[in-house]
Amino acid sequence: MKIRHYLAGIGTMCLMACSPSAPQPDVEEALAYCDAQVHRTLTELRDSQGNLDYTLMPRNIADTATVWHCRKATKEEWCAGFWPGILWYDYEATGNDSIRQEAERYTASLEFLSHTPAYDHDLGFLVFCSYGNGYRLTQNPAYRQVILDTADTLATLYNPRVGTLLSWPREVPTFGGHNTIMDNMINLEMLYWAARNGGSEELADIATTHARRTMECHFRPDYTSYHVAVYDTLTGNFVRGCTHQGYRDHTMWARGQAWAIYGFTVVYRETQDPVFLDFVQRVADVYLERLPKDYIPYWDFSAPGIPDAPRDASAAAVVASALLELSGYVPGEKGQGYRQAAEQMLASLGSDAYRCGSSKPAFLLHSVGHWPAGSEIDASIIYADYYYIEALLRLKKLRQAETGR
Ligand code: GLY
């Protein structure tokens, strides 16, 4: 794909987002709500003796359910790092030491990943959301070592002939080659971090090569993304783009595009290469231009049944968090447009339409995990909550920096 210097105008997205009536989320109220839901969850997870099983992680609450479905923290459970991450963010928001202690205990259940051969690419989700936030907030040197060791493990999935990490070793026969999924972009952050914090510099090179190859092969000419890119394992050639969790191979799966917006924002932060800044704006703009009025996407932008198709609050939370960062890199009205779009997303997510409120102990309703498999449809899902609280904290810090308070 040819990458040209990006001189796009303000566009529909900004005209809508920059309107004076754009809602301003009440961050303090929203963080207090998240804290209350965290306490509810901890209460619910205790057994009859009042004990917590720190190896059992909340994963989802089905649309018809009111209590968390938990899964064991194993190498196959890609979501096991989000609950410890939420606890770290809640500790950051509240300074509550009892929440920090619970964050430490849940985080410790993932230590085994640093000395287990890579099962798949999800190690970044698992270890950077948990240990990464833990290290950021505590500077615990043991946490640093876990992240460094896990980054080395993740790098074993790199195929230099292709130039990307193999996302799903178990799916090589299904896809007929080396597969890389868009979600894998999120796991690059841990490689960059490791390279800057005592790990091999090669980890950053791997991350950047992965991002470049993904930019070249994983997108259609209109900058919408495939979920899966298949490469020839031996020659490294791109073979085809297809989907796993989206509606059709050629449609824009909302969370896939969200991972791309988030991932390429991180890659620009880490490389300062303007090619990535140009590119991520194109990837963000096509997403923003096609959103429904409340800024929460349908689970796939071509989902059957629109406008009655399920939304995906998780994609909205990921994109809100990413745009808050991206708005700091893009000057002028365009950057302001990203900021206001993010605020609009957070305002919608904080409304009664998307909040669990008293009905369930999660933060958010209405996410879709895997529609083609009939799994987690219109559910509360733990990663939606993780990126929601992350985005709230990012917005709080931006506002504090602006007002000096
Ligand atoms: N495969 C990760 C996701 O559902 O986004």
Side-chain angles (χ1 to χ4, degrees), residues 57-62 69 71 73-83 85 118-130 154 157 164-172 174-175 179-190 210 214 218 224-230 241-247 249 251-264 266 283 287 296-301 303 310-322 362 364 366-388 390-391:
M57 305 293 184
R59 164 70 188 248
N60 59 47
I61 306 178
H69 164 69
R71 291 200 187 156
T74 63
K75 65 184 190 319
E76 293 91 0
E77 174 44 21
W78 77 277
C79 293
F82 293 119
W83 172 240
Y119 173 70
D120 68 16
H121 74 107
D122 287 321
L123 287 168
F125 284 112
L126 284 159
V127 168
F128 211 58
C129 297
S130 54
L154 177 58
L157 296 174
T164 69
L165 296 151
L166 172 63
S167 298
W168 289 328
R170 62 188 176 279
E171 300 291 356
V172 168
T174 320
F175 288 110
N179 59 77
T180 298
I181 64 171
M182 189 50 73
D183 329 26
N184 206 143
M185 286 298 299
I186 304 298
N187 298 314
L188 305 183
E189 188 171 11
M190 182 169 73
H210 179 112
T214 299
H218 223 123
T224 63
S225 57
Y226 296 109
H227 183 194
V228 186
V230 182
C242 55
T243 199
H244 182 67
Q245 283 162 261
Y247 177 49
D249 288 345
T251 60
M252 178 163 52
W253 175 48
R255 200 166 50 260
Q257 196 76 9
W259 295 140
I261 297 166
Y262 194 111
F264 280 100
V266 169
V283 173
Y287 173 98
I296 311 297
Y298 297 100
W299 70 272
D300 186 296
F301 283 73
R311 304 300 185 97
D312 185 11
S314 76
V318 171
V319 173
S321 188
L364 297 176
H366 305 316
S367 292
V368 172
H370 194 332
W371 191 89
S375 156
E376 298 180 311
I377 295 174
D378 203 25
S380 295
I381 309 183
I382 194 70
Y383 45 82
D385 290 5
Y386 174 87
Y387 288 99
Y388 178 58
E390 177 183 276

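Numbering of ligands and ligand atoms starts at 1, following listing order. As a basis for the values below, the full set of heavy atoms in this structure was taken, side chains included, without hydrogen atoms, waters or symmetry mates.
A 4.5 Å side-chain heavy-atom check between Asp183 and Phe125 finds at least one atom pair inside the cut-off.
A ring pair (Phe, Tyr, Trp, His ring centres under 6.0 Å) with Tyr262 is found for one member of Tyr386, Tyr387, Tyr287 and no other, namely Tyr387.
Of all heavy-atom pairs spanning Phe175 and Val230, the tightest one is O-CG1, 3.5 Å.
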Between ligand 1 and the protein, give all atom pairs where both partners are nitrogen or oxygen and the distance is under 3.5 Å, as lines of names plus distance to 0.1 Å.
{"residue": "ligand 1", "atom": "1 (N)", "partner": "Asp183", "partner atom": "OD2", "Å": "2.7"}
{"residue": "ligand 1", "atom": "1 (N)", "partner": "Gln245", "partner atom": "OE1", "Å": "3.1"}
{"residue": "ligand 1", "atom": "4 (O)", "partner": "Gln245", "partner atom": "NE2", "Å": "2.7"}
{"residue": "ligand 1", "atom": "4 (O)", "partner": "Arg255", "partner atom": "NH2", "Å": "2.7"}
{"residue": "ligand 1", "atom": "5 (O)", "partner": "Asp183", "partner atom": "OD2", "Å": "3.4"}
{"residue": "ligand 1", "atom": "5 (O)", "partner": "Arg255", "partner atom": "NE", "Å": "2.7"}
{"residue": "ligand 1", "atom": "5 (O)", "partner": "Arg255", "partner atom": "NH2", "Å": "3.3"}
{"residue": "ligand 1", "atom": "5 (O)", "partner": "Trp259", "partner atom": "NE1", "Å": "2.9"}

### Message
Please evaluate residues Tyr298 and Trp371 with respect to the criterion ring pair (Phe, Tyr, Trp, His ring centres under 6.0 Å), reporting the C-alpha separation (whole Å), side-chain torsions for both, the decisive distance (0.1 Å), and the verdict.
### Response
CA-CA 11 Å; Tyr298 297 100; Trp371 191 89; over 10 Å; no
### Task
Determine, stepwise, if the pair Asn179 / Glu171 fulfils side chain to side chain donor-acceptor pair (under 3.5 Å).
CA-CA 8 Å; Asn179 59 77; Glu171 300 291 356; over 6 Å; no
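Qualifying salt bridge (Lys or Arg N to Asp or Glu O under 4.0 Å) partners for Asp378, counting only residues two or more places apart in sequence or in other chains: none.
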